[in-house]
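Remarks on the structure that follows.
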Amino acid sequence: MKKGEKYPKSIIERFEAFEKVCNIEEMSISVFQGSGYRGDDEICVIGEVIGDRLPYDVLILITVHNEMGEVIGTNFRESLEAKSFSGIHSFSRDVSVACDEEISKVRVYPVKNPTCWE
């Protein structure tokens with residue numbers, strides 16, 4: 001793929017059960033080919049989260065998989081604070097992927113931020 005080219009929606013996988021637990025009503029995601037550094041490939045995941053009051057602080061996890069199901073890239077830096085979430089949140093995150101790997105799936109899903117675990 002060329003830099004800036006959009007991946008098909010069919011490679012994006014979400015876990016709606018996780019979204020429901022986090023009171024997320026809608027998550028819209030797009031994935032684009034980026035340009036990486038140090039010889040790696042890179043994708044850009046752009047998203048928008050819409051929902052009600054969050055029950056706790058949330059991390060948005062991104063995992064990239066090859067055709068064999070192996071994880072070949074991750075990003076877990078996008079966070080939403082429950083106390084400041086206003087019902088909508090937009091984000092853009094880059095994920096480095098080792099060159100020569102074929103991207104077959106990009107998972108995007110919310111989890112409870114471990115920094116707020118009791």
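Since the structure is predicted, the reported quantities are computational estimates derived from the model, not experimental observations.
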Exercise. Any side-chain heavy atom of I43 sitting closer than 4.5 Å to one from Q33?
Worked result: yes

For this session: Spell out, yes or no, whether V64 and L59 are grouped together once hydrophobic residues are joined by side-chain heavy atoms under 4.5 Å, including indirect joins.
Result: no

For this session: Starting at CD1 of I50, measure out to OG of S86 and round the result to the nearest 0.5 Å.
Result: 10.5 Å

Problem set entry | Atom pair CD (E26) and CD (E16), whose distance is rounded to the nearest 0.5 Å | 10.5 Å

For this session: For the pair F18 and F15, name the ring-plane relationship: parallel under 30°, tilted 30 to 60°, perpendicular over 60°.
Result: tilted

For this session: Over all heavy atoms of both residues, which pair between V49 and M27 is shortest? Give the atoms and the distance, please.
Result: CG2-CG, 4.1 Å

Problem set entry | Hydrophobic cluster identity match, F91 and V31, side-chain contacts under 4.5 Å | yes

Problem set entry | Verdict with reasoning, D52 to F85, per side-chain contact (heavy atoms from CB on, under 4.5 Å) | CA-CA 9 Å; D52 202 1; F85 183 70; over 6 Å; no

For this session: Indicate the atoms forming the closest heavy-atom contact of V58 with C22, along with that distance.
Result: CG2-SG, 4.0 Å

Seminar exercise, completed: On a heavy-atom basis, the closest approach of N113 and S79 is ND2-CB, 4.3 Å

For this session: Identify the heavy atoms of S90 and E48 that sit nearest to each other, and give their distance.
Result: OG-OE2, 3.5 Å

For this session: Report yes if the side chains of L61 and R107 come closer than 4.5 Å at any heavy-atom pair, otherwise no.
Result: no

Seminar exercise, completed: When every non-hydrogen atom of R93 is compared with those of I62, the smallest separation belongs to CB-CD1, 3.9 Å

Exercise. Would you find a donor on one side and an acceptor on the other, under 3.5 Å apart, between the side chain of N66 and the backbone of I103?
Worked result: no

For this session: Starting at NZ of K3, measure out to SG of C44 and round the result to the nearest 0.5 Å.
Result: 10.5 Å

For this session: Verify the cluster assignment for Y109 and I24: are they in a single hydrophobic cluster under the rule of side-chain heavy atoms below 4.5 Å apart?
Result: no

Exercise. Counting only heavy atoms not in E102, do more than 12 sit closer than 6.0 Å to its CD atom?
Worked result: no

Problem set entry | Nearest atoms (heavy-atom pairs only) where P55 meets N23 | CD-ND2, 3.8 Å

Problem set entry | K83, NZ atom: more than 12 neighbouring heavy atoms under 6.0 Å | no

Exercise. Going by heavy atoms in the side chains, are D94 and N75 under 4.5 Å from each other?
Worked result: no

Exercise. Does a side-chain heavy-atom distance below 4.5 Å link L80 with I60?
Worked result: yes

Problem set entry | Approximate separation, where rounding is to 0.5 Å, of E13 CD and T63 OG1 | 8.0 Å

Exercise. Quick one: OG on S28 to CD1 on I12, what's the gap to the nearest 0.5 Å?
Worked result: 8.5 Å

Seminar exercise, completed: dist M68:CE -> E101:CD (nearest 0.5 Å) comes out at 6.5 Å

For this session: Taking the side chain as every heavy atom from C-beta outward, state whether Y7 and V106 have any pair of such atoms under 4.5 Å apart.
Result: no

